[in-house]
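Down below is the structure, laid out as structure tokens.
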Amino acid sequence: MSRTIAFHLQKGGVGKTTISGTIACESALAGARTLLIDADPQGNSSSWFLKNPPKYELSDVLQGRCFLDDAIVELDSIHNFFLLPTFGIGGTLKNYSETKLAEEPFVLQDLIEQLSSKFEHIILDMSPGLGRLERSALIASDEVITPLTPEVFSLDGLEIFIDELAKIKKNLRSSIKYNKIVINSYDERIKQHRDILKAAGGANYKVFKVPVEPVFRKAQERGIAPQLFKERGRGLKPATVAVFKEMNEIIWR
Ligand SMILES: Nc1ncnc2c1ncn2[C@@H]1O[C@H](COP(=O)(O)OP(=O)(O)OP(=O)(O)O)[C@@H](O)[C@H]1O
Ligand SMILES: [Mg+2]
């Protein structure tokens, strides 16, 4: 049985793509057959991991324009790592979600059911917002984990997210699990960060702390996994390596 995890907060720029892409690499490097679904019309995960625009993309699959296997790309740089891409330019996923998706809110759930025999771990990189597309992706997922940056507006965003998720669970009969948070670009030395950690985490959440990590941007520019990035013999910080290993062990249990 496969497991599907979405990384989501409706706020933009908190690290959804970075965290979901890096954990997908970690999962694949640890030996699990892993699929990253680029469910964001911006297509950032796809421009990170693909050198050329894909022939087919997620919106083609959703509209029956190609078979699933035609759209899924196997990355040669990481064994076990597969991507169901979205091409940002042209906006086909955006158009689809603004028009046809209203009539078929469970389309992503059906897609993930088809994928579950092919992959052990499925990860969704989500777009900012909490509209139709994000709701469809959430009801298709077993679990959602929220990345947030340590700032006051993220706490507001978290409150809104928790409130909206409760409505989605009730109105769309979703049993999605939610008990984990990633605080991204966290610095223990900064009091405001420690305060936000306390305020966001509470007793009910497992919190993962990801430090400021310059390798993420460089790996995204080079189109590779952060774990494989090396410059003058140096790669990810030990604290970054440790948190992604821990996260990968815990989230698939
Ligand atoms: N821990 C980190 N340390 C340093 N830079 C980071 C870190 N996490 C993310 N970044 C950088 O911050 C930028 C925004 O991150 P990212 O694109 O992952 O956010 P996002 O939530 O996916 O944004 P969007 O809402 O637009 O989809 C990227 O340039 C990324 O390289
Ligand atoms: Mg993103």
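Atom set for the values below is all heavy atoms of this structure, side chains included, hydrogens, waters and symmetry mates excluded. Numbering of ligands and ligand atoms starts at 1, following listing order.
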Quick check on [X]: does its [atom1] atom have over 12 non-hydrogen neighbours (other residues, nucleotides or ligands) under 6.0 Å away?
X	atom1	result
K55	NZ	no
K245	NZ	no
K191	NZ	no

Leaving out waters, which are not shown anyway, how many protein N, O or S atoms lie closer than 2.8 Å to the Mg ion (ligand 2)? 1
After noting the C-alpha distance and the side-chain angles of F119 and I72, does the key distance pass the side chain to side chain contact (heavy atoms under 4.5 Å, CB included) rule? CA-CA 12 Å; F119 297 96; I72 292 174; 4.0 Å; yes
F87: which other cluster members, linking ILVMFWY side chains closer than 4.5 Å, directly or transitively? I89
Side-chain hydrophobic cluster, 4.5 Å single linkage: members besides I160: none
Does the pair Y178 and T146 meet the rule for a side chain to side chain donor-acceptor pair (under 3.5 Å), with working shown? CA-CA 9 Å; Y178 175 51; T146 42; 2.9 Å; yes
For a quick check: using heavy atoms under 4.0 Å, what are the residues in contact with ligand 1, sorted by chain and number? G12, G13, V14, G15, K16, T17, T18, D40, Q42, P128, N184, S185, V210, P211, V212, E213, F216, R217, Q220
Determine, using the 4.5 Å side-chain heavy-atom cutoff (strictly less than), whether L84 and I19 are members of one ILVMFWY cluster. no
Pair E164, K169 - check salt bridge (charged side-chain N to carboxylate O under 4.0 Å, His left out), show working. CA-CA 9 Å; E164 289 293 323; K169 287 176 82 160; over 6 Å; no
